[in-house]
K.L.:
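Mind looking over this structure? Questions follow.
The chains referred to below are lettered A, B, ... by the order of the sequence lines, with proteins before strands, and numbering in each begins at 1.
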Amino acid sequence: MLDPKLIRHELEATAARLLTKGFELDVMQVQSLESQRKGLQVETEELQGTRNSQSKAIGQAKSKGEDIQPLLNAVANLGDQLDSKKQELEVVQSRLNELLMAIPNVPDDSVPVGKSEDDNIEVRTWGVPTEFTFTARDHVDITSTSGKMGFEEATKITGSRFVTLRGQLAQLHRALIQFMLNVHTIEHGYEEIYVPYIVNRESLTGTGQLPKFEEDLFKLDDERDFYLIPTAEVPVTNMVRDEILDAAALPQKYVCHSPCFRSEAGSYGRDTRGMIRQHQFEKVELVMMVRPADSWAALEELASNAETILQKLGLPYRVVNLCGGDLGFAAAKTYDLEVWLPGQGKYREISSCSNFLDFQARRMQARWRNPETGKPELMHTVNGSALAVGRTLVALLENYQQEDGSVRIPLGATVIHGRRDSYLTRELELCAICRYILIFRVETCLWWVAAKLLEEKLSSSYAAAHILPLSRRTSLTRLQPSCRKTSMPFTQLPMILSFCLANAWSLQRPTIGP
RNA sequence: GGAGAGGUGGCCGAGUGGUCGAAGGCGCUCCCCUGCUAAGGGAGUAUGGGUUAAAAGCUCAUCGAGGGUUCGAAUCCCUCCCUCUCCGCCA
């Protein structure tokens with residue numbers, strides 16, 4: 001919701017800025033409703049004032065034992081007058097409110113002017129679009145032989161725009177979620193949070209999905225006005241609804257994995273192939289509540305946090321600054337991260353990071369106490385996906401496809417060292433990666449090597465060559481002496497592995513405050 | 001699902017029709033006093049809206065939410081929501 005003061009005092013200028021978002025504000029209607037509101041509200045409150053003072057006078061007279069009948073006569077028809085004025089005011093106010101709630105946020109000055117995604121501005125790119133010596137397939141073709149991605153199956157179970165994943169694909173999907181959560185909690189300092197996936201009308205109004213975009217949501221057939229969440233942004237951001245936080249409580253940084261449910265009404269015929277656009281998908285979302293002065297820096301930080309995931313996965317992408325016409329309802333500015341999809345031969349959105357300024361906060365009455373003024377002030381909200389899990393899976397499959405139809409994902413290299421020299425190679429060799437990502441912290445290479453050795457039954461000389469140098473970079477300094485002494489005989493590997501498993505959590509856990 | 005209790009300001013807690021936006025306490029802020037492991041005294045301290053360019057001031061609303069009774073409702077009546085306790089059921 002925009003600041004009502006903008007509507008009252010800078011109506012024309014605001015309307016002009018909204019036009020860059022493709023929104024035509026009915027200036028005449030707003031003006032007329034606003035002047036009606038002003039008049040009616042003043043009259044109503046004056047009537048209430050007289051009623052209050054008259055009633056008080058009656059009370060005083062009565063306690064003195066005076067005759068109150070004349071006073072009663074004086075207020076005889078005050079109630080009726082008040083009722084009718086109240087009703088008039090309510091009508092005007094609800095129409096005005098309806099109008100205000102439907103006005104989108106005003107784009108920031110740094111937002112490019114434009115009508116559609118063609119007018120978005122590329123801010124930067126990372127990596128180069130993957131090239132193949134053969135014709136690249138899309139993820140549907142890649143998985144068609146193994147049958148591990150089930151579109152027909154899901155259609156039978158539910159309908160179109162759903163999917164089933166099996167075996168290694170399901171494991172990789174799960175592993176990606178863990179991986180993203182681990183990176184954001186351990187490396188970027190977000191607090192992981194679990195929230196309801198069903199929310200009420202107030203929450204959706206707070207973040208801006210309602211009242212305008214009801215058709216995009218799945219509503220429960222329930223008199224309680226419950227909806228499935230279209231994004232974790234809704235429950236997470238609404239945690240601060242109707243709250244006044246201490247200045248010290250900001251910034252708040254949350255990472256939340258959740259399923260997302262979108263009806264995709266109005267997108268008939270778009271992205272019907274594959275799992276790009278689904279009614280249900282998983283997403284890891286970053287949400288920040290910050291002081292107003294910090295929100296622009298927070299947007300940059302949050303976007304770069306999301307980029308980290310793509311970089312660690314070695315996926316080429318670009319960052320675009322959305323133009324006014326492509327900007328979402330509540331956003332003042334949005335960076336989209338677009339990952340390269342060889343199957344489509346283009347960049348596709350995999351994350352959307354936005355600064356909402358105080359737009360959501362005003363709807364939610366989410367405030368903080370500014371120590372300089374001592375007064376409650378609206379906070380700013382910033383959020384973004386990091387990342388959409390289904391699309392990440394698609395990007396991995398398509399970018400790491402091999403000519404023979406297999407997929408080799410060099411996560412061992414990219415995630416751990418930022419190099420691509422040590423592959424795990426097998427047909428859809430995802431399982432080992434899953435284990436690695438599920439259990440271990442990104443940098444603790446030792447454990448990964450140990451697991452790999454066990455699995456691959458590699459020689460002890462390999463162990464000596466790899467484990468010793470790696471262990472120096474890890475926090476497992478306690479292992480170093482024994483490694484040196486024994487040159488890591490192969491027989492000790494099971495012991496080391498179990499040690500690692502037992503200590504993985506406590507060793508990797510970051511320091512948590514009191 | 002059954003039975004009962006309850007929802008009041010940052011927190012605790014009083015208040016069953018009339019200067020109650022709300023006693024008292026705690027906490028917090030400021031001031032005063034006092035040289036000793038501290039205490040005492042005083043003042044202030046809700047949120048939203050309107051009026052205003054803004055502030056001050058004035059004013060309206062808010063005691064879980066919504067309706068009703070009344071000149072007047074935190075207080076009486078109705079509906080709903082939520083919390084707690086006990087029982088039942090259950091991942």
K.L.:
Using Watson-Crick or G-U wobble geometry with both distances below 3.5 Å, tell me the partner of B/C80, or none.
P.N.:
B/G64
K.L.:
How far does the C1' atom of B/A23 sit from the matching atom of B/G9, given to the nearest Å?
P.N.:
13 Å
K.L.:
Using atom P in both nucleotides, what's the gap between B/G21 and B/G35 to the nearest angstrom?
P.N.:
45 Å
K.L.:
What parts of residues 356-363 of chain A reach RNA chain B, counting only heavy atoms under 4.0 Å away?
P.N.:
none
K.L.:
For B/G64 and B/U52, measure between their C1' atoms and round to the nearest Å.
P.N.:
34 Å
K.L.:
Starting at the 5' end of RNA chain B and moving along, which residue's nearest nucleotide shows up first, A/Gly49 or A/Ile244?
P.N.:
A/Ile244
K.L.:
Would one find more than 12 heavy atoms of other residues, nucleotides or ligands at under 6.0 Å from atom CD of A/Glu90?
P.N.:
no
K.L.:
Would you say the side-chain atoms of A/Arg369 pair up with the backbone N or O of A/Gly374, donor to acceptor, closer than 3.5 Å?
P.N.:
yes
K.L.:
Would a distance-only check, ignoring hydrogens and angles, find a side-chain to backbone donor-acceptor pair under 3.5 Å from A/Arg391 to A/Ile350?
P.N.:
no
K.L.:
Could you tell me which residues satisfy side-chain contact (heavy atoms from CB on, under 4.5 Å) with A/Val42, sequence neighbours excluded, listed by chain and number?
P.N.:
A/Glu46
K.L.:
How many Å lie between CZ on A/Arg369 and C1' on B/G10, as a whole number?
P.N.:
8 Å
K.L.:
Donor-acceptor pair, distance only, cut-off 3.5 Å: does the side chain of A/Arg241 make one with the backbone of A/Arg363?
P.N.:
no
K.L.:
Tell me the interatomic distance from A/Lys86, atom NZ, to B/C60, atom C1', rounded to whole angstroms.
P.N.:
10 Å
K.L.:
For A/Asn52 and B/G72, give me the distance from atom CG to atom P, rounded to whole Å.
P.N.:
10 Å
K.L.:
Protein-nucleotides 76-84 of chain B N/O pairs closer than 3.5 Å?
P.N.:
none

K.L.:
Measure CD/A/Glu243 against C1'/B/G9 and give the value in whole Å, please.
P.N.:
15 Å
K.L.:
Take atom C1' in B/A22 and the same atom in B/U47, then report the distance between them in whole Å.
P.N.:
15 Å
K.L.:
Within this structure, what is the CZ-to-C1' distance between A/Arg241 and B/U47, rounded to whole angstrom?
P.N.:
16 Å
K.L.:
Write down the distance between CG (A/Leu100) and C1' (B/G49), rounded to a whole number of angstrom.
P.N.:
14 Å
K.L.:
Using Watson-Crick or G-U wobble geometry with both distances under 3.5 Å, which nucleotide pairs with B/G88?
P.N.:
none
K.L.:
How long is the line joining CD of A/Glu90 and C1' of B/C60, in whole Å?
P.N.:
15 Å
K.L.:
Looking at A/Lys21 and A/Asn105, would you say the former's side chain and the latter's main chain have a donor-acceptor pair under 3.5 Å?
P.N.:
yes
K.L.:
What pairs of nitrogen or oxygen atoms, one from the protein and one from nucleotides 62-66 of chain B, lie under 3.5 Å apart?
P.N.:
none

K.L.:
Can you list every ring-ring contact (aromatic ring centres under 6.0 Å, His included) pair that touches residues 202-252 of chain A, not counting sequence neighbours?
P.N.:
A/Phe213-A/Phe329, A/Phe218-A/His279
K.L.:
Please tell me if A/Arg51 has a side-chain N or O lying less than 4.0 Å from either OP1 or OP2 of B/U70.
P.N.:
no
K.L.:
Can you tell me the Watson-Crick or wobble partner of B/C20, both distances under 3.5 angstrom?
P.N.:
none
K.L.:
Is A/Arg262 reaching over with its side chain to a backbone N or O of A/Pro230, donor-acceptor style, under 3.5 angstrom?
P.N.:
yes
K.L.:
Quick test of your reading of the model: are A/Arg37 and A/Glu34 salt-bridged, counting only N-O distances below 4.0 Å?
P.N.:
yes
K.L.:
Where the side chain of A/Gln365 meets the backbone of A/Asp242, is there a donor-acceptor pair that is under 3.5 Å apart?
P.N.:
no
K.L.:
Between A/Ser53 and A/Thr50 (side chain of the first, backbone of the second, donor and acceptor by atom type, cut-off under 3.5 Å), is there such a pair?
P.N.:
yes
K.L.:
Please table the atom pairs, donor to acceptor, closer than 3.5 Å between any side-chain atom in residues 152-163 of chain A and protein atoms at least two apart or in another chain.
P.N.:
{"unit_1": "A/Glu153", "atom_1": "OE1", "unit_2": "A/Thr164", "atom_2": "OG1", "d": "2.6"}
{"unit_1": "A/Glu153", "atom_1": "OE2", "unit_2": "A/Arg166", "atom_2": "NH2", "d": "2.5"}
{"unit_1": "A/Thr155", "atom_1": "OG1", "unit_2": "A/Phe151", "atom_2": "O", "d": "2.7"}
{"unit_1": "A/Arg161", "atom_1": "NH1", "unit_2": "A/Arg270", "atom_2": "O", "d": "3.4"}
{"unit_1": "A/Arg161", "atom_1": "NH1", "unit_2": "A/Asp271", "atom_2": "O", "d": "3.3"}
{"unit_1": "A/Arg161", "atom_1": "NH1", "unit_2": "A/Arg277", "atom_2": "O", "d": "3.1"}
{"unit_1": "A/Arg161", "atom_1": "NH2", "unit_2": "A/Ser267", "atom_2": "O", "d": "3.0"}
{"unit_1": "A/Arg161", "atom_1": "NH2", "unit_2": "A/Arg270", "atom_2": "O", "d": "3.0"}

K.L.:
Look at the side chain of A/Ser263 and the backbone N and O of A/Ala265, then say whether any donor-acceptor pair between them is shorter than 3.5 Å.
P.N.:
yes
K.L.:
Rounded to whole angstrom, note down the C1' distance from B/G41 over to B/C84.
P.N.:
41 Å
K.L.:
Could you check which nucleotide pairs with B/C58 in any of the strands shown, counting Watson-Crick or G-U wobble with both distances under 3.5 Å?
P.N.:
B/G50
K.L.:
Kindly state each residue pair satisfying salt bridge (charged side-chain N to carboxylate O under 4.0 Å, His left out) with at least one member in residues 206-218 of chain A, sequence neighbours excluded.
P.N.:
A/Arg201-A/Glu214
K.L.:
Produce the list of close N/O pairs, under 3.5 Å, pairing protein atoms with atoms of nucleotides 13-21 of chain B; give distances to one decimal.
P.N.:
{"unit_1": "B/G18", "atom_1": "O6", "unit_2": "A/Lys62", "atom_2": "NZ", "d": "2.9"}
{"unit_1": "B/G18", "atom_1": "N2", "unit_2": "A/Ser55", "atom_2": "O", "d": "2.9"}

K.L.:
Does A/Lys85 have any salt bridge (Lys or Arg N to Asp or Glu O under 4.0 Å) partners at least two apart in sequence or in another chain, and if so, which?
P.N.:
A/Glu43, A/Glu88
K.L.:
What distance, rounded to whole Å, do you find between the two P atoms, one in B/C63 and one in B/C11?
P.N.:
16 Å
K.L.:
Strictly by Watson-Crick or wobble contacts shorter than 3.5 Å, is anything paired with B/C28, and which nucleotide is it?
P.N.:
B/G44
K.L.:
Report yes if the side chains of A/Asp3 and A/Lys5 come closer than 4.5 Å at any heavy-atom pair, otherwise no.
P.N.:
yes
K.L.:
Taking atom P in both B/U69 and B/A56, what distance in whole Å separates the two?
P.N.:
38 Å
K.L.:
Using the C1' atoms only, state how far B/G13 lies from B/G67, rounded to an integer number of Å.
P.N.:
29 Å
K.L.:
Could you pull out the protein-nucleic contacts involving nucleotides 50-55 of chain B (nitrogen or oxygen on both sides, under 3.5 Å)?
P.N.:
{"unit_1": "B/G50", "atom_1": "OP1", "unit_2": "A/Arg8", "atom_2": "NH1", "d": "2.6"}
{"unit_1": "B/G50", "atom_1": "OP1", "unit_2": "A/Arg8", "atom_2": "NH2", "d": "2.4"}
{"unit_1": "B/G50", "atom_1": "O4'", "unit_2": "A/Gln41", "atom_2": "NE2", "d": "3.1"}
{"unit_1": "B/G50", "atom_1": "O3'", "unit_2": "A/Arg37", "atom_2": "NH2", "d": "2.8"}
{"unit_1": "B/U51", "atom_1": "OP1", "unit_2": "A/Arg37", "atom_2": "NH2", "d": "3.2"}
{"unit_1": "B/U52", "atom_1": "OP2", "unit_2": "A/Lys38", "atom_2": "NZ", "d": "3.1"}

K.L.:
Could you tell me the separation between the CG atom of A/Leu47 and the P atom of B/C71, rounded to a whole number of Å?
P.N.:
17 Å
K.L.:
Please enumerate all residues that pass ring-ring contact (aromatic ring centres under 6.0 Å, His included) together with A/Tyr190, with sequence neighbours excluded.
P.N.:
A/His184
K.L.:
At less than 4.0 Å, is any side-chain N or O atom of A/Arg367 found next to OP1 or OP2 of B/U47? Yes or no.
P.N.:
no
K.L.:
Apply side-chain contact (heavy atoms from CB on, under 4.5 Å) to A/Gln48 and list each qualifying residue two or more places apart in sequence or on a separate chain.
P.N.:
A/Thr44, A/Glu45, A/Leu82, A/Lys86
